[in-house]
Visitor: 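Before we start, here is the structure in question, set down as structure tokens.
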Amino acid sequence: MDYKSLISKSFSPVRGYKSESRRPSHSNSRSVVWSAVAVFAVLLGGCAHPGSSDNLETSEKVAVLNDDQFETIAIVGLNDIHGALAPEKLKTKDPTPIDYERGGAAYLASQIKVLRQELGSRVLVLDAGDHFQGSIDSNLLEGSPMLDFFHEIKLDASVLGNHEFDFGDVGDYTNELANKDTRDVRGVIKKRVLEARYPYLAANVYQKKGGLFPGVPGTKASVLLTAGRLKVGVIGLSTLDTPTTTRPEYVKGLEFRDMAKITEAESKKLRAAGADIVLVLAHAGVFCDVADRSGRAIKTSFLKRESDLQSACDEKGEIPELLKKLPKGTIDGVVSGHTHSVVHHWIRGIPVIQSGTRNYYFTTLYLTFDLKSKKLRNDLTLIEGPIPVCPTVFSHQRNCNGELPAPKNGRGELATPLFHGEKIIADAGMTQILAPIFEKTDLAKKRVLGQAARPIEHHRREESPLGNLVADALRDATHADVAIVNPGGIRANLNQGEIRYEDVFRALPFDNYVSTVEVTGKELMLLLRLTQNGMKGFFPTSGLRIRAIRLDQEPEKGDLNGNGESELWETNRVIEATFADGSTIESTKTYKLATLDFLVGGGDGLGYFFDQLPKSKIQWIAGDTVRDTVSAWLLRQKGGINSDAAPLVSEAKPRLKLESAPKRSGKSKKKTNRSGKKRKKK
């Protein structure tokens, strides 16, 4: 099945700034102009974080200074939209599910317009990458609808995300490429960069040959923007994971350099050019916890100061690692992406914002600059967010997050949301732009493929029901002995009820094809070691049963490449692996493995394994795309999928059983790795 063939000012009382230290003093002769920005009015006062059950009970205002001494600007951060232009249709997790919607470009456009009406030229809108790939609406036209969206909201700058490289050459995606012999694997991204009426930044992306910049023609290392009376420098950085998180062939010949030295050098250039404020716009991220030590959600205000309670952030993320290396004063803030997480935190004294994914939220960073001392007033820095993007909200719950437990008095009726005292309806201009795009894709979106008896969720850190479904579909289509798929290729859950093609597309947005590989039992065990080490979660499988060490336990170390180091990718969590019927994997016997071409090409760090296999053992295109293979599998199923009688994850016979680490002898642990080789001394 090929989907392409189907497509021809009112405000609440002030609650903030109670401390005199947060109010700058002014002489009587000075004319002070205050512009009040309400963080949330009545209906949007909820969902402090995805999964949080705490609602904001009061509405604050941001005191935005605009006088002869102070200037406050607002930085709106977007990231990882993944083509999500239409609102996402969802169901609540109630005994009787309620239909609702989240996201939507036309609603986000209305909210940004409210900010621009309040603050005029003192608003900058920045996008942290991964916006082209991920929906029928965007993919069909190889990302160009996202340019229409960004032009309408007057985006000020974007950075290249890893998935900006996913389309290859112009016409590749729609099979309209005339001459594949002269194919330019970066044709689409080059075209979009030149078409954009805003700058694309990628300071750390170079050409390998000659070490020349830019790596992608038309991109810049940084840009100097104007916001009100201030000059704002923005440095763009792309994740070092890019070569393993897009098709490796599409970034061949590019070098993704370390971020710290480049950031420091660009900051100096921008300051010398007159930048009052310097920001990093990075498609690189961080995870920050939302639970305190008791396991409850931390109650946070939408209007957050550095002095407020800060939940912990993973110090090993690319952004914390970058901030560790930068001298104090190098940058003043970060708009990040890539990890799909919600971040409104200060890390090493620097405010960092990230807005999840798929236009569910945006976040705003308010920075106040003292024009007389020429210094940023860090004590006046505020973060507003995450701000939900909702076509409608539950009136009792006061947000549009149906994953939260319902309040005691029920969720309430769906009502028009408010933002900064203004009713939010779909922006007329954006609606007009998107209408012809949606009309083209509507037929394919609505095709019903099957029924889910219960929600089919995806988990990366434990056995995944949706991961099992995808792996089963690949194994069934290829008549393989086993199937392995990557957890990062699955991006959304399937709701209970009808499963439509748009739901499958949202869950499987990447255009990976089914591949098959001949492997010996010994090779299969090595592949399981690499895919179940927990670095990117646990890879879903079909045809296997695996016992593995839990993520909170230390794995077995090893040195596969013999360089004397035990790196994370070389660790081993597999305790035991058998076929689903309990039979042994024989080391010398050959088996048929079904997987996807992204992994065979070295994606997700599996180049070490697949590069060792003879090309004759690999059938790169052994079927349709993974998405359409799953769609065909769904059409063949009878009755509701993931029913109580036939669950996709069986408690009695789990495919992945996580356990404590087995005890190992000190002698073996000290002197040898798993293969028995002696470790080299440093």
Side-chain angles (χ1 to χ4, degrees), residues 75-82 124-132 155-165 198-206 213-216 219-223 225 232-243 245-246 251 254-267 269-270 275 277-288 313-326 330-357 362-365 367 383 385:
I75 311 298
V76 175
L78 312 175
N79 62 274
D80 297 278
I81 296 173
H82 284 290
L124 292 179
V125 182
L126 305 177
D127 177 79
D130 271 13
H131 42 259
F132 290 141
L155 186 73
D156 291 286
S158 183
V159 68
L160 291 185
N162 53 302
H163 290 298
E164 260 65 81
F165 293 92
Y198 52 87
Y200 269 98
L201 309 177
N204 64 324
V205 183
Y206 282 71
F213 182 86
V216 176
T219 57
K220 300 179 179 180
S222 61
V223 66
L225 303 171
V232 181
V234 182
I235 304 164
L237 300 171
S238 298
T239 176
L240 303 186
D241 292 339
T242 301
T245 52
T246 186
V251 291
L254 294 183
E255 181 182 0
F256 293 80
R257 294 187 177 180
D258 182 72
M259 300 176 180
K261 288 182 180 179
I262 289 172
T263 300
E264 193 173 350
E266 286 301 317
S267 175
K269 289 179 188 176
L270 290 165
I277 292 169
V278 175
L279 304 174
V280 158
L281 178 61
H283 191 72
V286 58
F287 290 101
C288 294
C313 295
D314 180 6
E315 292 194 0
K316 293 181 180 178
E318 283 187 293
I319 292 303
E321 289 287 352
L322 170 65
L323 296 179
K324 277 182 199 174
K325 298 174 183 176
L326 294 180
T330 303
I331 63 171
D332 303 304
V334 177
V335 179
S336 67
H338 189 49
T339 53
H340 291 202
S341 56
V342 173
V343 181
H344 45 141
H345 291 68
W346 275 255
I347 302 175
R348 295 186 173 268
I350 302 295
V352 180
I353 60 173
Q354 190 178 157
S355 303
T357 184
F362 68 97
T363 309
T364 303
L365 172 63
L367 299 170
I383 296 175

Visitor: Would a distance-only check, ignoring hydrogens and angles, find a side-chain to backbone donor-acceptor pair under 3.5 Å from D130 to H82?
Guide: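 Between the backbone of H82 and the side chain of D130 there is no qualifying donor-acceptor contact (under 3.5 Å).
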
Visitor: If you round to the nearest 0.5 Å, how far is CD1 of I350 from CG of L279?
Guide: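 So the CG of L279 and the CD1 of I350 are separated by 10.0 Å.
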
Visitor: Can you see which heavy atom on G77 is nearest to which on V335, and at what distance?
Guide: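 The pair with the smallest heavy-atom distance is CA-CG1, 3.8 Å.
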
Visitor: For R257 and L240, work out which heavy atoms get closest and say how close.
Guide: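 For R257 versus L240, the nearest heavy atoms are O-CD2, 3.3 Å.
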
Visitor: Would you indicate whether K324, at its atom NZ, is surrounded by more than 12 heavy atoms from other residues, nucleotides or ligands within a distance under 6.0 Å?
Guide: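 Yes - once you tally the heavy atoms of other residues, nucleotides and ligands closer than 6.0 Å, there are more than 12.
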
Visitor: For T263 and V280, work out which heavy atoms get closest and say how close.
Guide: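 What the structure gives for the nearest pair is CG2-CG2, 3.8 Å.
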
Visitor: Under the criterion side-chain hydrogen bond (donor to acceptor under 3.5 Å, both in side chains), which of H163, E164, H338 is the partner of H283?
Guide: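 The side-chain hydrogen bond (donor to acceptor under 3.5 Å, both in side chains) with H283 is passed solely by H338 among H163, E164, H338.
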
Visitor: Side chain of T357, backbone of D80: donor and acceptor closer than 3.5 Å?
Guide: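 Such a contact is found between T357 side chain and D80 backbone.
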
Visitor: Set out, in order, the CA-CA distance, both residues' side-chain angles and the distance that settles salt bridge (Lys or Arg N to Asp or Glu O under 4.0 Å) for K261 and E264, then state yes or no.
Guide: CA-CA 5 Å; K261 288 182 180 179; E264 193 173 350; over 6 Å; no

Visitor: Determine whether V234 and D156 make a side-chain contact, defined as any pair of heavy atoms from C-beta on separated by less than 4.5 Å.
Guide: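 Answer no - side chains too far apart.
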
Visitor: Tell me the closest heavy-atom pair linking P320 and G285, and the distance in Å.
Guide: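 Answer, listing the atom of P320 first, then G285: CD-O, 4.1 Å.
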
Visitor: Quick check for you: to the nearest 0.5 Å, what is the distance between T246 atom OG1 and D241 atom CG?
Guide: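 Answer rounded to 0.5 Å: 12.0 Å.
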
Visitor: What closest approach, in Å, do L201 and I235 show between heavy atoms, and which atom pair accounts for it?
Guide: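 Closest heavy-atom pair between L201 and I235: CD1-C, 4.3 Å.
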
Visitor: Test side chain to side chain donor-acceptor pair (under 3.5 Å) on Q354 and S336 and set out the steps.
Guide: CA-CA 5 Å; Q354 190 178 157; S336 67; 2.9 Å; yes

Visitor: Could you grab the distance from atom OG1 of T242 to atom CG of N204, nearest 0.5 Å is fine?
Guide: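 Rounded to the nearest 0.5 Å, the OG1-CG separation comes to 8.0 Å.
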
Visitor: Just verifying a value: how many Å separate F132 CZ and I81 CD1, rounded to the nearest 0.5 Å?
Guide: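 So the CZ of F132 and the CD1 of I81 are separated by 10.5 Å.
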
Visitor: Working to the nearest 0.5 angstrom, can you tell me the gap between L124 CG and T364 OG1?
Guide: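 These two atoms lie 11.5 Å from each other.
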
Visitor: Given side chains that start at C-beta, do those of I347 and V334 come closer than 4.5 Å, heavy atoms only?
Guide: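 No, their side chains stay 4.5 Å or more apart.
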
Visitor: Show your working on side chain to side chain donor-acceptor pair (under 3.5 Å) between D127 and S158 and close with a plain yes or no.
Guide: CA-CA 5 Å; D127 177 79; S158 183; 3.1 Å; yes

Visitor: Is any side-chain heavy atom of F256 less than 4.5 Å from a side-chain heavy atom of V205?
Guide: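 They are in side-chain contact.
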
Visitor: Would you confirm whether S267, through its side chain, and T330, through its main-chain N or O, come within 3.5 Å as a donor-acceptor pair?
Guide: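 Yes, because the side chain of S267 sits within donor-acceptor range (under 3.5 Å) of the backbone of T330.
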
Visitor: Okay, side chain of S355, backbone of T363: is any donor-acceptor separation there less than 3.5 Å?
Guide: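 Checking the backbone N and O of T363 against the side chain of S355, a donor-acceptor pair under 3.5 Å is found.
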
Visitor: So, does T339 use its side chain to make a donor-acceptor pair with the main chain of V286 at under 3.5 Å?
Guide: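 Looks like yes, one N/O pair under 3.5 Å.
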
Visitor: Is there a side-chain contact between K325 and D258 in this structure, where contact means two heavy atoms from C-beta onward sitting under 4.5 Å apart?
Guide: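 The answer is yes; the side chains approach within 4.5 Å.
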
Visitor: Does a side-chain heavy-atom distance below 4.5 Å link V352 with L323?
Guide: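 SC-SC contact between V352 and L323 confirmed.
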
Visitor: How many angstroms lie between atom CG of L270 and atom CD1 of I331, to the nearest 0.5 angstrom?
Guide: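 Nearest 0.5 Å value for the CG-CD1 distance: 11.5 Å.
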
Visitor: For I262 and Y206, run side chain to side chain contact (heavy atoms under 4.5 Å, CB included): C-alpha distance rounded to whole Å, both residues' side-chain angles, the deciding distance at 0.1 Å, then the answer.
Guide: CA-CA 12 Å; I262 289 172; Y206 282 71; 4.1 Å; yes

Visitor: Of the non-hydrogen atoms in F165 and L160, which two are nearest, and what is the gap between them?
Guide: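 The answer is CZ-CD1, 4.0 Å.
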
